[in-house]
Amino acid sequence: MWYLMLWGALFGALTASFLCVVAERVPKSQSIRGRSNCVCGRQLKVTENVPIFGWLRVRGRSTCCGASIPVFYLYAEIFLAVVWGFAPLAGLFGSVIAAAGAAALVGAGVRRLRP
């Protein structure tokens, strides 16, 4: 069971990272394809895009210009990692709860990240 929880947590963190990209780019009519960029325009390195650990590694600051990276990204990735991580314990009902958590995250992200 622990390996299902680990895979669920990984899936949750990756999903949250993608949903944050969607919540940030769609209201600005930007494409959701391609790698993320810093506010200064530099394309982020692969190691900077790793959910949870990437944010912690750079301590919430951009490595190129020092701009602050919103803590919302970290919280969103941790939240969905925990929700999806525990979903296997609750069976199908847990997956429904996890999907509802993802929907709530998108709604909060659009409101929080909108310029």
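What you see below is based on every heavy atom in this structure, not just the backbone, and it leaves out hydrogens, waters and symmetry mates.
- Side-chain contact check for Leu80 versus Leu19: some heavy-atom pair is nearer than 4.5 Å.
- Cluster membership for Trp84 and Leu14, using ILVMFWY side-chain heavy atoms within less than 4.5 angstrom, is not shared.
- Checked against a 6.0 Å centroid threshold, the rings of Trp55 and Tyr73 do not count as neighbours.
- One hydrophobic cluster, built from ILVMFWY side chains closer than 4.5 Å, cannot hold both Ile69 and Leu44; they sit in different ones.
- Counting only N and O atoms by type, the side chains of Thr63 and Arg42 include a donor and acceptor under 3.5 Å apart.
- Summarising the geometry of Ser62 relative to Cys65, their closest heavy-atom pair is OG-N, 3.7 Å, with the distance given to 0.1 Å.
- The main-chain N or O of Ala13 is never found under 3.5 Å from a side-chain atom of Glu77 such that the two would form a donor-acceptor pair.
- Atom OG of Ser17 and atom CG of Leu74 lie 11.5 Å apart (nearest 0.5 Å).
- Linking ILVMFWY residues whenever their side-chain heavy atoms come closer than 4.5 Å, directly or via other members, places Ile78 and Val71 in the same cluster.
- Contact between Phe72 and Cys20 at its shortest, heavy atoms only, is CE2-SG, 4.0 Å.
- Note: the hydrophobic cluster containing Val82 also contains Leu4 (ILVMFWY, side chain heavy atoms under 4.5 Å, direct or indirect links).
- Checking side-chain atoms of Arg25 against main-chain N and O of Arg33 turns up a donor-acceptor pair under 3.5 Å.
- Note: the hydrophobic cluster containing Leu10 does not contain Phe79 (ILVMFWY, side chain heavy atoms under 4.5 Å, direct or indirect links).
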